[in-house]
Amino acid sequence: MAERPEDLNLPNAVITRIIKEALPEGVNVSKEARRAISQAASVFVLYATSCANSFAMKAKRKTLNAGDVMAAMEEMEFERFLPPLREALEAYKKGQKGKKEASEQKRKDKEKKNGTEENDKSREEEDDEEEHMEDEPDAENEGEEEDVEN
Amino acid sequence: MAAAVAVTAASTESELDRSGTEEEPRGNDTEEDGPQQTGPASVPHSRLSKLPLSRIKALMKADPDVSLASQESVFIIAKATELFVEMIAKDALGYAQQGKRKTLQRKDLDNAIEAIDEFAFLEGTLD
């Protein structure tokens with residue numbers, strides 16, 4: 001499955017939903033407009049990534065972080081995004097923390113029951129901070145494979 | 001009966017979570033065995049992003065200069081993309097309304113891209 005950047009679209013259903021929620025009732029969106037917006041969104045991701053990455057490289061870091069993305073938004077003249085993004089980031093961090101604690105707790109509970117069986121699995125949960133771009137198995141299956149071009 | 005329902009609920013949650021959290025490798029010991037949210041701080045953070053993080057990450061991967069990206073950065077880009085879609089849809093709507101139309105058309109997008117500085121990066125990129 002050789003995927004070129006241009007081929008990677010975001011799920012139609014989600015794009016459509018975002019558009020509908022942004023526009024007032026009674027407004028329709030043609031199929032061509034929707035497709036163009038979806039394409040534009042993909043281009044946005046590529047551009048934002050490239051921009052963010054140059055900040056990371058300037059700082060001699062190999063890992064792109066949230067700060068790089070924020071800096072990229074400013075660079076791209078999307079400062080208006082910064083307040084909602086900061087808010088979303090805080091909520092996301094809290095969620096991650098809660099989830100980590102919950103799974104830590106679960107692991108501890110399991111260990112009490114199972115003994116050593118869980119030790120190997122628990123190691124996998126530690127390193128959830130970095131998305132390794134190079135050599136991951138890429139086995140994700142989202143439930144949102146709504147790529148049917150209607 | 002109840003168990004079956006719980007399993008269904010768990011797998012639905014699993015799907016949402018998979019697109020939201022990107023914990024890998026997916027050992028899946030946390031999600032599959034019963035009620036999903038057991039911790040006190042069980043904010044459904046996977047719903048903070050409407051766009052699937054794995055797809056966003058796949059796009060980011062397409063850049064050969066990008067080696068590693070934190071989960072947070074993937075999430076923020078997803079969120080920013082959502083805001084971008086909202087913004088461009090609203091701006092394009094203005095042009096449709098000028099043309100006394102209630103249907104957004106491709107030309108409204110083109111007009112918005114041409115007129116608005118922030119969208120200059122899109123010029124020449126759409127089919």
Side-chain angles (χ1 to χ4, degrees), chain A residues 5 8 10 14-15 18-19 22-23 26-30 32-33 36-37 39-50 53 62-66 68-69 73 77-78 81 84-85 88-89 91-92 94-95 98 101-103 105-106 121 124 128-134 136 140 142-144, chain B residues 15 18-19 21-25 27 29-30 38-39 41-43 45 48 50-52 54-63 65-77 79-86 88-90 93 102-106 108-109 117-118 121-122 125-127:
Chain A
L8 279 169
L10 299 165
V14 180
I15 296 288
I18 299 173
I19 296 173
L23 301 178
V27 170
N28 297 315
V29 184
S30 76
E32 292 78 19
I37 292 179
Q39 266 190 310
S42 296
V43 176
F44 176 85
V45 173
L46 295 171
Y47 182 34
T49 299
S50 171
N53 197 47
K62 281 204 175 149
T63 305
L64 219 158
N65 64 27
D68 298 324
V69 179
M73 290 300 123
E77 292 179 59
F78 286 108
F81 289 176
L85 286 180
L89 180 60
Y92 179 77
K94 284 206 186 105
E101 284 168 4
S103 65
Q105 188 56 48
K106 265 199 148 184
K121 286 186 187 168
E124 298 174 315
D128 64 348
E129 281 309 304
E130 289 189 347
E131 296 292 339
H132 289 259
M133 297 299 204
E134 294 170 356
E136 55 176 75
E140 288 99 323
E142 307 119 77
E144 304 193 42
Chain B
E15 266 178 42
R18 198 172 295 137
S19 53
T21 57
E22 291 305 278
E23 286 185 315
E24 57 196 329
D29 19 315
T30 54
T38 52
S42 51
V43 176
H45 61 279
L48 289 175
K50 291 174 180 141
L51 293 161
S54 55
R55 199 74 70 90
I56 298 286
K57 188 175 43 139
L59 269 164
M60 291 169 75
K61 254 170 106 164
D63 187 329
D65 293 331
V66 175
S67 37
L68 297 171
S70 71
Q71 271 194 317
E72 286 175 3
S73 68
V74 179
F75 171 77
I76 294 301
I77 290 198
K79 199 67 197 168
T81 306
E82 207 178 300
L83 296 172
F84 167 80
V85 170
E86 289 172 7
I88 200 168
K90 286 180 180 154
L93 179 64
K102 278 197 171 169
T103 300
L104 214 65
Q105 289 173 1
R106 169 62 195 260
D108 302 318
L109 258 311
D117 285 342
E118 289 95 311
F121 73 92
L122 290 169
T125 63
L126 307 183
D127 286 339

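Just so it is clear: chains get the letters A, B, ... in the order the sequence lines come, proteins before strands, and each one is counted from 1. This is a predicted model, so every value here is computed, not measured.
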Quick check on B:Ile88 against chain A: is it the side chain, the backbone, both or neither that has a heavy atom closer than 4.5 Å?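 Just its side chain gets close to chain A.
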With a 4.5 angstrom heavy-atom cut-off, which part of B:Leu93 approaches chain A: side chain, backbone, both or neither?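 Answer is side chain: those atoms of B:Leu93 sit under 4.5 Å from chain A.
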Mind checking whether B:Phe84 and A:Phe78 have parallel, tilted or perpendicular rings, split at 30° and 60°?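 Because their plane-to-plane angle is over 60°, the rings of B:Phe84 and A:Phe78 count as perpendicular.
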Quick one: closest heavy-atom pair of [X] and [Y], and the distance?
X        : Y       : result
B:Leu109 : A:Ala36 : CG-CB, 4.3 Å
A:Pro84  : B:Leu83 : CG-CD1, 3.9 Å
A:Leu46  : B:Ala62 : CD2-CB, 4.4 Å
B:Ser73  : A:Ala66 : CB-N, 3.9 Å
B:Gln105 : A:Ala33 : C-CB, 3.7 Å

About how many Å separate [atom2] of [Y] and [atom1] of [X], when rounded to the nearest 0.5 Å?
X        : Y       : atom1 : atom2 : result
B:Ile77  : A:Thr49 : CD1   : OG1   : 3.5 Å
B:Lys90  : A:Ile19 : NZ    : CD1   : 12.0 Å
A:Ser42  : B:Arg55 : OG    : CZ    : 9.0 Å
B:Asp65  : A:Leu64 : CG    : CG    : 11.0 Å
B:Lys102 : A:Leu23 : NZ    : CG    : 13.0 Å
B:Lys50  : A:Leu10 : NZ    : CG    : 14.0 Å

Which atoms of [X] approach chain B - backbone, side chain, both or neither, heavy atom under 4.5 Å:
X       : answer
A:Glu77 : both
A:Val27 : both
A:Phe81 : both
A:Asn65 : both

May I ask you to check whether B:Asp127 and A:Gln39 show a side-chain donor-acceptor distance below 3.5 Å?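 Present: a donor and an acceptor within the cut-off.
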Kindly say whether A:Val45 contributes a backbone atom to a donor-acceptor pair with the side chain of B:Thr81 at under 3.5 angstrom?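 Between the backbone of A:Val45 and the side chain of B:Thr81 there is no qualifying donor-acceptor contact (under 3.5 Å).
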Side chains of B:Gln71 and A:Tyr92, heavy atoms from C-beta outward: is any pair under 4.5 Å?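 Side chain of B:Gln71 against side chain of A:Tyr92, heavy atoms only: contact under 4.5 Å found.
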Check the pair A:Ile15, B:Val85 against side-chain contact (heavy atoms from CB on, under 4.5 Å), reporting the backbone distance first and the verdict last. CA-CA 8 Å; A:Ile15 296 288; B:Val85 170; 4.2 Å; yes
